Amino acid sequence: MPTALITGITGQDGSYLAEFLLSQGYQVVGMVRRSSTVTFERIQHIQDAVTIAQGDLHDQSSLVSLIETYRPDEVYNLAAQSFVPTSWSQPVLTGEATALGVTRLLEAIRLVNPKTRFYQASSSEMFGKVREVPQRETTPFYPRSPYGVAKVYGHMITVNYRESYDLFAVSGILFNHESPRRGLEFVTRKITYGAARIKLGLATELRLGNLEARRDWGFAGDYVRGMWMMLQQDAPEDYVLGTGVTHSVREFCELAFAHLGLDYRQYVVQDPRFFRPAEVDLLVADPSKARQKLGWQPTISFEELVKMMVEADLKRVSQEIA
Ligand code: NAP
Ligand code: F7E
């Protein structure tokens with residue numbers, strides 16, 4: 001039975017990846033950081049099937065100790081300070097976790113067991129002010145936030161350890177992927193949760209920032225399968241995962257509210273508080289390398305994703321008030 005270590009198992013992607021790896025017969029070890037409250041909401045249903053181990057990307061010895069104790073065959077580094085606006089208010093912390101945290105984990109692997117296969121969660125935010133449309137593996141980076149800058153560091157240190165030490169280390173450059181488990185502060189979930197609250201009479205408006213930004217949104221469950229596929233190849237290479245289709249935040253609102261029989265224009269208010277100091281205006285992937293070499297394809301369309309998230313939030317909010 002192969003063993004996989006997932007950092008960030010309590011996050012959106014970590015929870016889907018843990019489910020997927022369990023279904024493939026893995027022993028799954030999930031690294032969680034110490035907190036005064038329990039953060040296991042997304043993995044409650046599989047908690048008995050996975051091993052939870054404490055560790056923190058800020059703490060080198062905890063990472064060494066995890067690799068020594070569990071000797072994982074594969075390490076998926078999903079932990080990060082992942083919310084873009086927070087990266088302006090906490091730029092140093094973002095750099096410590098999202099950038100230097102990657103080096104700490106790679107160092108632990110290099111020192112303890114360099115045969116471990118390593119996946120780094122790189123991001124389309126690295127393309128930022130895009131240099132070409134659509135974006136692919138060879139598109140130059142131009143990050144627009146401290147988060148994007150930190151991810152470029154994490155990406156390049158992964159490439160560097162692969163080339164310096166011959167590690168099987170790969171980066172998946174993933175475009176936005178969402179689900180009913182997405183954090184409430186990200187725009188898709190903010191919209192579907194907000195629309196459900198309006199529908200059920202708990203709110204009268206939804207305050208958002210830039211409605212014209214465009215993203216390539218897919219379903220998180222599809223993307224974790226792609227992460228695993230990257231580590232099953234003969235040679236370590238980086239891959240872009242995305243749908244190849246782009247929509248604006250406004251279009252997301254239109255569809256989400258319409259699914260509840262509402263007109264978003266009556267409820268969505270633009271609020272300068274949610275605009276960013278520097279915006280990423282347009283992201284759209286060219287996922288052809290992943291399709292050709294991995295055989296990876298998304299299975300959920302934009303319309304199906306919006307419907308899935310709206311229906312899940314309508315059910316959740318209904319239960320909250322029942
Ligand atoms: P998420 O829901 O925000 O989860 C982040 C995870 O990282 C949480 O489990 C969090 O733990 C953990 N974490 C944060 N700081 C840590 C630290 N210092 N030590 C240990 N754990 C720490 O993020 P996600 O959406 O699942 O994304 C997973 C990864 O993919 C992230 O690296 C993100 O930057 C990257 N990514 C995401 C997307 C996307 O669209 N979702 C696209 C491209 C790349 P707590 O539960 O304790 O907070
Ligand atoms: O914003 C606009 C906002 O916060 C999307 C992370 O997973 O994906 C995510 O980063 C867009 C931006 O995601 C609001 O200005 C408008 O243009 O949902 P988001 P993100 O910044 O794209 C990448 C790939 C990652 O790697 C990150 O970890 O929506 N927007 N109004 C808003 N965004 C938010 N959050 N809230 C608003 O009210």
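Values below: all heavy atoms of this structure, side chains included; hydrogens, waters and symmetry mates excluded. Source: prediction; values computed, not measured.
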Worksheet item: What are the two closest non-hydrogen atoms of Leu105 and Leu63, and how far apart are they?
Response: N-CD1, 3.8 Å
Worksheet item: Taking all non-hydrogen atoms of both residues, which atom of Leu211 and which atom of Ser248 are closest, and how far apart?
Response: O-CB, 3.8 Å
Worksheet item: What residues, two or more places apart in sequence or in another chain, satisfy side-chain hydrogen bond (donor to acceptor under 3.5 Å, both in side chains) together with Glu320?
Response: Tyr193
Count I, L, V, M, F, W, Y as connected when their side-chain heavy atoms are under 4.5 Å apart, and connections chain through other members. Are [X] and [Y] then in the same cluster?
{"X": "Val284", "Y": "Val240", "result": "yes"}
{"X": "Trp217", "Y": "Val130", "result": "no"}
{"X": "Tyr161", "Y": "Val159", "result": "no"}

Item to complete: Step by step, work out the side-chain hydrogen bond (donor to acceptor under 3.5 Å, both in side chains) result for Glu178 and Thr188.
Response: CA-CA 7 Å; Glu178 318 292 315; Thr188 55; 2.5 Å; yes
Worksheet item: What pairs meet the side chain to side chain donor-acceptor pair (under 3.5 Å) rule with one or both residues in residues 28-39, with sequence neighbours excluded?
Response: none
Response to the item:
So side chain to side chain donor-acceptor pair (under 3.5 Å) across residues 251-274, not counting sequence neighbours, yields Arg207-Asp271, His247-Glu251, Arg250-Tyr264, His259-Glu311, Asp263-Arg265, Asp271-Arg273
Worksheet item: Is the count of non-hydrogen atoms from other residues, nucleotides or ligands lying under 6.0 Å from Gln232 atom CD greater than 12?
Response: yes
Worksheet item: How about Arg225: does its CZ atom have over 12 heavy atoms from other parts shown lying under 6.0 Å from it?
Response: yes
Worksheet entry | Nearest-0.5 Å distance, OH of residue Tyr223 to CG of residue Leu241 | 7.0 Å
Item to complete: Check which hydrophobic residues are tied to Tyr147 through side-chain heavy-atom contacts below 4.5 Å, counting indirect links as well, and list them.
Response: Val84, Trp88
Worksheet item: What pairs with Phe83 under ring pair (Phe, Tyr, Trp, His ring centres under 6.0 Å), at least two apart in sequence or on another chain?
Response: Phe186
Item to complete: Only counting residues at least two apart or in another chain, list the ones meeting ring pair (Phe, Tyr, Trp, His ring centres under 6.0 Å) with Tyr70.
Response: none
Worksheet entry | Lys151 side chain vs Ala121 backbone, donor-acceptor pair below 3.5 Å | yes
Fill in: Side-chain donor or acceptor of Ser15 paired with backbone N/O of Gln12 under 3.5 Å
yes
Salt-bridged, [X] to [Y], with N to O below 4.0 Å?
{"X": "Glu304", "Y": "Lys307", "answer": "no"}
{"X": "Arg197", "Y": "Asp313", "answer": "no"}
{"X": "Arg181", "Y": "Glu19", "answer": "yes"}
{"X": "Arg215", "Y": "Glu125", "answer": "yes"}
{"X": "Glu41", "Y": "Arg316", "answer": "yes"}

Worksheet entry | Arg71 and Val112, any side-chain heavy atoms less than 4.5 Å apart | yes
Worksheet item: Step by step, would you call Phe127 with Tyr142 a ring pair (Phe, Tyr, Trp, His ring centres under 6.0 Å)?
Response: CA-CA 5 Å; Phe127 297 125; Tyr142 194 137; over 10 Å; no
